[in-house]
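Side chains are part of it too, since the values below use all heavy atoms of this structure and drop only hydrogens, waters and symmetry mates. Lettering of chains follows the sequences in order, A, B, ..., and the numbering in each one begins at 1.
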Amino acid sequence: GEDVEQSLFLSVREGDSSVINCTYTDSSSTYLYWYKQEPGAGLQLLTYIFSNMDMKQDQRLTVLLNKKDKHLSLRIADTQTGDSAIYFCAESINNNDMRFGAGTRLTVKP
Amino acid sequence: EPEVTQTPSHQVTQMGQEVILRCVPISNHLYFYWYRQILGQKVEFLVSFYNNEISEKSEIFDDQFSVERPDGSNFTLKIRSTKLEDSAMYFCASSGGREALYRYEQYFGPGTRLTVT
């Protein structure tokens, strides 16, 4: 079936940039999302991109989409300790059901 | 800032019992969803709901599950006869204000952890 894959762990130093990668298999995916989950909390929508875009920037966050390779990335500039969390990539064709990756646990070291 | 709320935060029930998980979506949203995450596994879509009816459901959402919007604010997920494998974190989400663009932004609640013993 269709799937979304992410690496499970990423560790960076405070102040560095973090790049979290995601691949998906469904070429019909129209909407691609990044969610953040802090311990004990729900999923916080960070940003999303439509498949007809290749980049979206929102303050410290940059999303890059390579539709040909079905590759999505989230870059966090000047990563802070407060950015430590699990980051989920998700995709949807019709924005009814979303398919999530397993999440990447980002650890930011001081 | 408006947010999705869910109650209870943790529900423990015995196998075979019925449970109702409650959600209060963001007040001007029109689309409602339930997802679940079994411990150590991915977040999985269960069902979406719009205009007082189910718009889409996954294979997981079988006859044991039902959803309801009993009034203008609550959105509930009922599991009729719980099984051990129903133990999971259940997330409610909502999207879609009056402007179509906001249809694409699903906002999640903090989740209800369901433990079936």
Side-chain angles (χ1 to χ4, degrees), chain A residues 1-9 20-26 28-53 56 58 61 63 65 72 74 85-105, chain B residues 1-7 9-10 21 23-26 29-51 53-61 67 88-96 100-113:
Chain A
E2 306 300 348
D3 205 6
V4 179
E5 296 291 337
Q6 301 176 241
S7 52
L8 293 181
F9 301 99
I20 304 170
N21 293 301
C22 170
T23 57
Y24 58 97
T25 57
D26 192 342
S28 302
S29 297
T30 306
Y31 313 100
L32 297 128
Y33 303 84
W34 285 103
Y35 281 83
K36 176 184 180 183
Q37 186 180 36
E38 295 180 88
L43 300 169
Q44 175 194 353
L45 177 64
L46 286 179
T47 186
Y48 60 95
I49 190 168
F50 297 116
S51 60
N52 61 356
M53 301 165 64
K56 182 177 180 181
D58 184 0
L61 304 179
V63 179
L65 174 61
L72 183 74
L74 174 70
I86 300 176
Y87 290 81
F88 292 92
C89 167
E91 58 86 14
S92 175
I93 297 171
N94 56 12
N95 198 53
N96 263 328
D97 61 319
M98 287 199 290
R99 280 182 288 271
F100 283 81
T104 299
R105 184 179 295 276
Chain B
E1 187 173 322
E3 57 183 17
V4 177
T5 59
Q6 292 185 241
T7 54
S9 56
H10 191 189
L21 309 182
C23 168
V24 179
I26 293 173
H29 281 184
L30 303 174
Y31 303 86
F32 313 110
Y33 314 84
W34 284 101
Y35 292 81
R36 78 171 187 191
Q37 185 180 28
I38 295 171
L39 190 63
Q41 297 187 23
K42 294 182 179 181
V43 175
E44 301 171 290
F45 168 77
L46 293 178
V47 66
S48 60
F49 191 86
Y50 170 70
N51 201 26
E53 60 182 26
I54 290 173
S55 44
E56 194 154 344
K57 60 182 181 179
S58 71
E59 292 175 354
I60 303 167
F61 194 88
V67 290
M89 181 73 89
Y90 287 81
F91 293 105
C92 172
S94 69
S95 73
L101 179 64
Y102 299 118
R103 168 91 171 82
Y104 309 117
E105 301 178 5
Q106 289 190 27
Y107 292 89
F108 282 70
T112 293
R113 181 166 296 285

Separation between CG (A/Leu45) and OH (B/Tyr107), nearest 0.5 Å, reads 5.5 Å
Please identify, among B/Arg113, B/Lys57, B/Glu3, B/Glu56, the residue contributing the most non-hydrogen atom pairs under 4.5 Å to chain A. B/Glu56
Is it the backbone or the side chain of B/Glu44 that comes under 4.5 Å from a heavy atom of chain A, or both, or neither? neither
Is it the side chain or the backbone of A/Ala102 that comes within 4.5 Å of chain B heavy atoms, both, or neither? both
If you round to the nearest 0.5 Å, how far is CG of A/Asp97 from OG of B/Ser48? 7.0 Å
B/Lys42 versus A/Asp3: any side-chain heavy-atom pair under 4.5 Å? yes
For A/Gln44, which atoms come within 4.5 Å of any heavy atom of chain B: side chain, backbone, both, or neither? neither
With sequence neighbours left out, what residues match A/Tyr87 under ring-ring contact (aromatic ring centres under 6.0 Å, His included)? none
By ring-ring contact (aromatic ring centres under 6.0 Å, His included) - contacts of B/Tyr35 (at least two apart): A/Phe100, B/Phe45, B/Phe108
Any chance you could measure A/Met98, atom CE, to B/Ser95, atom OG, to the nearest 0.5 Å? 8.5 Å
Would you call B/Gln106 and A/Tyr35 a side-chain contact if the rule is heavy atoms closer than 4.5 Å? yes
